[in-house]
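Atoms within a ligand are numbered from 1 in the order they appear, just like the ligands themselves. Throughout, numbering of the chain's residues begins at 1 and tracks the sequence.
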Amino acid sequence: MVVMTPEAGEAEIAAVRERLETTGVHVLVLPGELTTAIGAIGDPERVAGLGLEGMAGVDRVVPISRPYKLASSELAHHEPTVFAVDGHTIGAPSTFALIAGPCTVESREQTLQVARTVAAAGACMLRGGAFKPRTSPFAFKGLGAPGLEILAAAREETGLPVVTELLDAAHAALVAEHADVIQIGARNMQNYALLEVAGKLGKPVLLKRGLSSSLDELLMAADYVLKEGNERVILCERGIRTFETATRFTLDLSAVPWLKLHSHLPVIVDPSHASGDRRLVEPLARAAAAVGADGIIVEVHEDPEHALCDGPQALYASDFAGFAERVAAHAALDGRALS
Ligand code: PEP
Ligand code: MN
């Protein structure tokens with residue numbers, strides 16, 4: 001929609017109309033009491049390339065259609081995207097995915113112990129980082145390739161598929177060999193080259209929302225993966241930066257129903273990174289279930305006091321079965337059962 005200034009005359013309106021018509025869009029002139037608006041129906045990309053904002057008499061150009069294409073529920077996709085990871089359904093209105101595990105793979109023993117605990121409590125996937133994005137370059141950055149081997153051993157023993165982060169395109173083949181789901185972390189949501197690499201790996205991608213990214217930006221990031229022919233993308237709300245410092249991030253719960261409305265992709269919530277505080281993880285997990293999330297991803301540790309990363313937000317492994325039961329009961333209120 002091109003909104004003209006109140007002073008714009010016939011000649012200026014005609015010039016805009018003419019320029020729009022060069023792209024083959026359908027043009028509709030809508031005279032109003034104060035100003036004239038000109039509607040252009042057709043390819044928004046071509047209209048955006050016309051430079052209409054710089055033309056005489058143009059006040060502003062307002063895009064009406066959404067900037068994301070493949071992730072949108074507006075266009076081809078009206079049905080929710082549903083797929084299975086090793087037999088566990090993600091995205092169906094009747095299922096709730098409980099993904100749990102340590103923040104970071106620290107040792108074989110630690111990872112296997114947590115994997116057994118979360119498997120016994122009904123988790124459908126094991127999370128755990130082998131390559132960790134750390135704010136300080138001097139912090140523990142994960143075990144790397146040996147960490148992936150440990151995750152594979154945990155899958156072997158428990159049968160749980162593994163979610164792990166792809167941090168660097170150079171590790172793509174290695175990570176794809178061991179992971180069942182490729183995680184793109186919040187800090188890399190706008191690493192477009194990495195998104196394209198992830199899209200080509202032939203595995204589902206768990207895409208976390210950037211800490212300061214809008215939902216439009218999240219869906220456009222998802223488009224990068226989808227355009228590689230990979231339909232299996234899971235969106236994850238993990239908290240955003242706001243003025244509030246009481247919690248590590250601010251969990252944007254409204255993102256869940258908004259994303260479910262505007263996209264066909266499954267949406268899960270990470271209450272661990274959002275809150276940074278294990279005491280808040282359960283209430284936020286229950287809230288995620290209440291607003292229609294397709295699942296949650298949470299951090300769990302046998303001994304959080306000695307965790308090498310994110311200890312304060314890790315649930316005690318000894319509390320996990322109770323946690324899972326209570327969250328599952330909340331998901332059941334929305335007609336969902338653990339997948
Ligand atoms: C994680 O899940 O291990 C992680 C680092 O999360 P985020 O990218 O959301 O900070
Ligand atoms: Mn973590």
- Query: Should you measure from each heavy atom of Gly185, which atoms of ligand 1 turn up under 4.0 Å away?
  - Reply: 8 (O)

- Query: Heavy atoms, side chains only, cut-off 4.5 Å: are Cys309 and Arg134 in contact?
  - Reply: yes

- Among the heavy atoms of Lys132, does any lie under 4.0 Å from an atom of ligand 1? yes

- At a 4.0 Å threshold, what atoms of ligand 1 neighbour a non-hydrogen atom of Arg187? 7 (P), 8 (O), 10 (O)

- Message: I'd like to know if Glu282 and Arg286 make a salt bridge, using a cut-off of under 4.0 Å between side-chain N and carboxylate O.
- Response: yes

- Task: Check the angle between the aromatic planes of His171 and Phe131 and answer parallel, tilted or perpendicular using the 30° and 60° thresholds.
- Result: parallel

- Listed protein N/O/S atoms, distance to the Mn ion (ligand 2) under 2.8 Å: Cys103 SG, His273 NE2, Glu299 OE2, Asp310 OD2

- Task: Using the salt bridge (Lys or Arg N to Asp or Glu O under 4.0 Å) rule, collect all pairs that involve residues 172-181, keeping only residues at least two apart or in two chains.
- Result: Arg155-Asp180

- Drop me the distance from Thr111's OG1 to Glu149's CD, to the nearest 0.5 angstrom. 12.5 Å

- ligand 1 N/O within reach of Asp270 N/O, cut-off under 3.5 Å: no

- Message: I'd like to know if the side chain of His306 pairs up with that of Glu106 as donor and acceptor (distance under 3.5 Å, no hydrogens or angles considered).
- Response: no

- Check the pair Glu299, Arg127 against salt bridge (charged side-chain N to carboxylate O under 4.0 Å, His left out), reporting the backbone distance first and the verdict last. CA-CA 8 Å; Glu299 293 187 341; Arg127 63 146 291 142; 3.3 Å; yes

- Message: Geometry only, no angles: is Ala186 polar-contacting ligand 1 at N/O separations under 3.5 Å?
- Response: yes

- Note on the structure: Per-atom filter on ligand 1: closer than 4.0 angstrom to a heavy atom of Arg238 are 7 (P), 9 (O), 10 (O)

- Message: Within this structure, what is the CD1-CE distance for the pair Ile90 and Met125, rounded to the nearest 0.5 Å?
- Response: 3.5 Å

- Item | Side chains of Asp310 and His273, donor plus acceptor under 3.5 Å | yes

- Which protein non-hydrogen atom lies closest to atom 6 (O) of ligand 1, naming both residue and atom, and how far is it? Lys208 NZ, 3.0 Å

- The closest protein heavy-atom partner of atom 4 (C) of ligand 1 is His273 NE2, 3.5 Å

- Message: Is it true that His264 and Thr81 share a donor-acceptor pair across their side chains at a distance under 3.5 Å?
- Response: yes

